[in-house]
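Structure, as structure tokens:
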2 protein chains.
Amino acid sequence: MSITDDAWCTTTPKRHLSGDDHGSALKSVGTALDVLECFAVDTELGVSDIARRLGVAKSTAHRLLTTLVTRGFIEQDHHTGLYRLGLHLFELGQLVQARNEMRHVALPVLRHVHQATGHTVNFGVPDGPDVVFVERLHNRDGLRILSHWGRRLPSHTTSSGKVIAAFNAEAYAARVASGFPPRVTGTVRTHADWERVVSQARHQGYAVSHSESFEGTTSVAVPVLYRKLAVASVSVFGPSESIDPDVERLVPLLTAASRRVSKSLGA
Amino acid sequence: MSITDDAWCTTTPKRHLSGDDHGSALKSVGTALDVLECFAVDTELGVSDIARRLGVAKSTAHRLLTTLVTRGFIEQDHHTGLYRLGLHLFELGQLVQARNEMRHVALPVLRHVHQATGHTVNFGVPDGPDVVFVERLHNRDGLRILSHWGRRLPSHTTSSGKVIAAFNAEAYAARVASGFPPRVTGTVRTHADWERVVSQARHQGYAVSHSESFEGTTSVAVPVLYRKLAVASVSVFGPSESIDPDVERLVPLLTAASRRVSKSLGA
DNA sequence: CCATGCGTTCCACTGAACGGAACACGATGG
DNA sequence: CCATCGTGTTCCGTTCAGTGGAACGCATGG
């Protein structure tokens, strides 16, 4: 499979935030997707719950749900009558992961870092103002902390997000546009904070986060560059007491790994 | 987290096949989901491709795509203009996997089987006439064979499907209703074949497949029972030459594993 | 240099998606 | 034990939102 010229930074970021649908949006399709979004928050919901949440009639919610059920995007528990996300979403999601070229080329490198350090290793890609972790190799600590968490985190609360923003103006700007909602004990709360930590990451070539997404954890991230542009990040993550003493050793290891991935991207 | 009385067999199977929408289907939502389905077949498609495939106007396809793009379900390559599945689907899919209770209780057992045998281990659940593999622990062989394949396989071409149908009348019937499309050198082509292999699996307590889904591979599966009903399967998989000599040893190992999972389900 | 393909935009028509009301069921509790 | 409240589900008339077709700007290539 041949890699096209610049295949690593070519996806158009979605706008999504706030209801400025500007005309070219299908209403029923939009609310159908909103239904799915409801289940990103709660695992199980009833027709009435969703109707309330979306501000539509119960009949409308029911109609949306049944169409989603017939396509396998949602399944209904036929004891409780409640609805939840369906297996078909899992299938499609797996397709997305399997087709991610960058993840493929990075995987062997990630495995090496994982074995060399024993830490949880993450591979994140920028998506608007967030980072989505498309691969995770976790040890027991990571499993304990992350297993029930989603794959998307705001860039200003992760070392990966900061280091990507440091070498990717679009990602930087997207986070600015979305503001800096505080998370646990997040250090970044203002545009000035953001500028500071990002430029520090730019000079260092890596970023560290202490308890910014999860209390008591530390992560260290380096960017994966493609033509001077950050298209991904490699990071390790874990309880602060196991990561902090290692940072000095981890940074060069991660940097080498990142460079290997960058090379494989063909830049 | 408490497990409700019969939480393991309570999802309503979707109907999906053939256009008998019987009235309660949202047309635009339906075609939007059809758009996503297009990308289950091809990784990248243009507006015109999709319009042709769905038999709608180009403008309609474009409108559907843009709404899906704004929600992150699809992304557009802004060099080629082509569309592909978006990261948000990956996120939702991961949620589905993470919330699958059965997978959670099975995981440690699967890991044990994986280490004890060195083979690729699959954990499949019935979904209508198919089996969806919600967890895979692969060795190098499995990675080579499966890495680019989806997670859903028709039940009559897999040991997992056969052994689930053997102890799950609903899954059995769903496959009958969907017919027996041939795959590689599939042995099951008629209702009679199906009845034969399934009843054999029922008597043996396990099922074996030779080159039924993938040429030159063998898989061995046992059911995970919950109150005498198959709610999942544990299977090992690999090149025939590495699996076949081991079958005698694998069956009791898998059976023991399956029983441990069943116990954990609370039946 | 025109012909053909693409992705995108606009607009008038109409059928499809909406909300409200009524339904059947089960769980509560007076 | 009946009344009340909640659920998920069904039906139907109104109207608005989704449709297809035509036109656009831009590439490609014969």
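Order of the sequence lines fixes the chain letters, A, B, ..., with proteins taken first and strands second; residue numbering starts at 1 for each chain. Please read these numbers as outputs of a predicted model, since none were measured by experiment.
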Exercise for the section: Indicate, with a heavy-atom threshold strictly under 4.0 Å, whether B/T60 touches base, sugar-phosphate, or nothing. Expected result: base

Handout entry: Side-chain N,O (B/S28) to OP1/OP2 (C/dA16) below 4.0 Å
Key = no

Completion exercise
From NE2 of B/H79 across to C1' of D/dC26 the rounded distance in Å is 16 Å

Handout entry: Spacing of A/D34 atom CG relative to C/dA17 atom P, expressed in whole Å
Key = 16 Å

Completion exercise
With sequence neighbours left out, the residues meeting salt bridge (charged side-chain N to carboxylate O under 4.0 Å, His left out) with B/R151 are none

Exercise for the section: Write down the distance between CZ (B/R52) and C1' (C/dT4), rounded to a whole number of angstrom. Expected result: 12 Å

Handout entry: Any residue meeting salt bridge (charged side-chain N to carboxylate O under 4.0 Å, His left out) with B/R103, in chain and number order, not counting sequence neighbours
Key = B/E135

Exercise for the section: Please report, rounded to the nearest Å, how far the C1' atom of C/dC6 is from the CD atom of B/E44. Expected result: 15 Å

Problem - Atom-to-atom span, CG of A/L54 to C1' of C/dC18 - whole angstrom - result: 14 Å

Completion exercise
Rounded to whole Å, CG of A/L64 lies from P of D/dG18 at a distance of 11 Å

Practice task
Starting from P on C/dG5, measure out to CD1 on B/I50 and report it in whole angstrom.
Solution key: 19 Å

Exercise for the section: Measure up the A/Y172 and A/H191 rings against each other and bin them: parallel (under 30°), tilted (30 to 60°), perpendicular (over 60°). Expected result: tilted

Exercise for the section: Starting at the 5' end of nucleotides 7-12 of chain C, put B wherever the base has a protein heavy atom under 4.0 Å, S where only the sugar-phosphate does, and a dash everywhere else. Expected result: BBBB--

Handout entry: Any residue meeting side chain to side chain contact (heavy atoms under 4.5 Å, CB included) with B/S160, in chain and number order, not counting sequence neighbours
Key = B/V131, B/F133, B/T158, B/A221, B/S233, B/S235

Practice task
Specify the separation, in whole Å, of atom NZ of B/K27 and atom P of C/dT14.
Solution key: 15 Å

Completion exercise
The ring-ring contact (aromatic ring centres under 6.0 Å, His included) partners of B/F180 (sequence neighbours excluded) come to B/H156, B/W194

Practice task
Check salt bridge (charged side-chain N to carboxylate O under 4.0 Å, His left out) between A/R53 and all other residues, then give those that pass, not counting sequence neighbours.
Solution key: A/D42

